[in-house]
Amino acid sequence: MSWQMFLSAFQGIEALLHSSPQMVVARFGLIFLGMLLIYLGKKGILEPLLMIPMGLGMAVINASVMMFDPLNLHGGLGTLFLEAQAGSGPDSIKNSADLMYIMGIDWLQPIYTFTFSNGLIACFVFMGIGSLLDVGFVMARPFLSMVLALFAEMGTIFTLPIAQHFGYTVKQAAAISVVGGADGPMVLFTSLKLAPELFVPIAVVAYLYLGLAYGGYPYLVRLMIPSAKLRGTIMPYDSKASQFSSGQKMVFAVVCCVVLCLLLPVAAPLLFSLFFGIVIRESGIKQFEQLLSGPVLYLSTLFLGLTLGILCEANTIFDPKVLPLLLLGMLSLLLSGIGGIIGGYVAYYCTGGKVNPVVGIAGVSCVPTTAKVAQKIVQKDNPHAIIMQYALGANVMGVITTAIIAGVFCSIIK
Amino acid sequence: MDGLTVSFVTVIVTVFISLLVSAIVKLITLVLGKFTKPQPEASPDTDTLLFRDQADIASVIAIALTLKK
């Protein structure tokens, strides 16, 4: 058997031999990173729902590169999973033909084309999230929740000019800065609207960091609030949130949805999806509620994680244009965390010490993870301190604020 | 428009819209509070907790209620 026949039998090895040494190292690095994500997901250090499919996708896509490049986009190398660049050329007729051709070959291409590149998956995730949200927590304390959520957007606001300084256009910088909103679907949606050319790296960076940030936020809180006594500040429990009827919550959701869509039509699909989930939850239609909060949310999350992992091919991740994104994404989330805690301090001093400053971190909007992080930190220092209901208010308002900022970006940046 | 201007305009517009949303919430709470009866306390066995997050939140609130008593 000749060497050429051997290579033809093991195309993965042939593809490695045709790659540059740096790319081979990068590919093995990403295979290792994928396995690490699976391990951390299994251990519960990172979000398993997202990290296990993403980690496996990342490891497998970097192992399955072969001598196959039907559209001549990657110098003869490719996979049978999906081609993110298919249909993105300047010739629209050729694009359609390329896309149809690739859809007949790559098994994940239909999922990517019909749910990712039009934002549908982000909307599905938002419907699911909406169906899990209890807006009673926001209705009980709207202004406190709003202040905390606004401070926790510091990363989004400050990263935009910084990213522009790094050489990105305003549209690209805005898409990158939304990572600071810590809201995965929003990042997908904004990058698709403003910088589709950076959609893949921004989405990958955002979801990778979202997982890591929640492991890092407790350290940030302890650093910025060094006093264990202050961290353990007891907030009075009030049952305001449970006093609202489902009808009242529905009125709130319907009115807010219509007003926000009127003000920000660009973000209407996402705003509608979020409030649709809330309305279904409060409407009492159990079948729809279970459909949205179960199959729709989990199927979308599964394909989201899997597709993001598949998109983590070494060629995409190690693009020189992408590397500053790694830094900017982290900076954005860090600044948002710092902003949230500053908001917590502002609320603490403005209310004469009635608000635990740790609650500020929950303004960073990933429902309900940051609220749970805040509660966990507080309970460690004072087992009698319960801040969950305040944290959830800030958390839910954080989602709404991030949607507003994404809408404003999409509306004012032309 | 440069990045700084976009950030500045975004802050102004976001604060305005957030205030509007908060004001709407307050208004709805006040208006509906006048016309609707208070919500009866839900009994724990009527709701099935389907998800871990909901269960976590519910358990923390249950602890808070116990401590209040």
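Residue numbering restarts at 1 for every chain, and letters A, B, ... go by the order of the sequence lines. For clarity, every value in this text was computed on a predicted model and none was experimentally measured.
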[X] versus chain B, the contacting section by heavy-atom distance below 4.5 Å:
X: A:V251; answer: both
X: A:I162; answer: neither
X: A:F409; answer: side chain
X: A:I412; answer: both

* Structure fact -> Heavy-atom nearest pair, B:S22 first then A:M397, reads OG-CE, 3.8 Å

* **Distance-minimising heavy-atom pair for B:I28 and A:M139** =>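 Taking B:I28 first and A:M139 second, the nearest heavy atoms are CG2-CE, 4.5 Å.
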
* When heavy-atom pairs shorter than 4.5 Å are enumerated against chain B, which of A:A391, A:G247, A:P142 gives the highest number? -> A:P142

* To do: Would you mind checking which part of B:L27 comes under 4.5 Å of any heavy atom in chain A, side chain (CB onward), backbone (N, CA, C, O), both or neither?
  =>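 No part of B:L27 comes within 4.5 Å of chain A.
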
Atom pair [atom1]/[atom2] of [X] and [Y] - distance to nearest 0.5 Å:
X: B:L32; Y: A:F244; atom1: CG; atom2: CZ; answer: 9.5 Å
X: B:L4; Y: A:I157; atom1: CG; atom2: CD1; answer: 11.0 Å
X: A:L160; Y: B:F8; atom1: CG; atom2: CZ; answer: 14.5 Å

* Counting heavy-atom pairs under 4.5 Å to chain A, which of B:T29, B:V13, B:I17 comes out on top? ->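 Among the listed options, the one with the most contacts to chain A is B:I17.
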
* Inter- and intrachain pairs under side-chain hydrogen bond (donor to acceptor under 3.5 Å, both in side chains), touching residues 1-17 of chain B, at least two apart -> B:D2-B:T5

* Asked: Would A:L263 and B:L20 count as a side chain to side chain contact (heavy atoms under 4.5 Å, CB included) if you check the C-alpha gap in whole Å, the side-chain angles of each, and the deciding distance to 0.1 Å?
  -> CA-CA 11 Å; A:L263 293 172; B:L20 184 70; 3.8 Å; yes

* Asked: With a cut-off of 6.0 Å (strictly less than), are more than 12 heavy atoms of other residues, nucleotides or ligands near CZ of A:F143?
  ->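 Count over threshold, so yes.
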
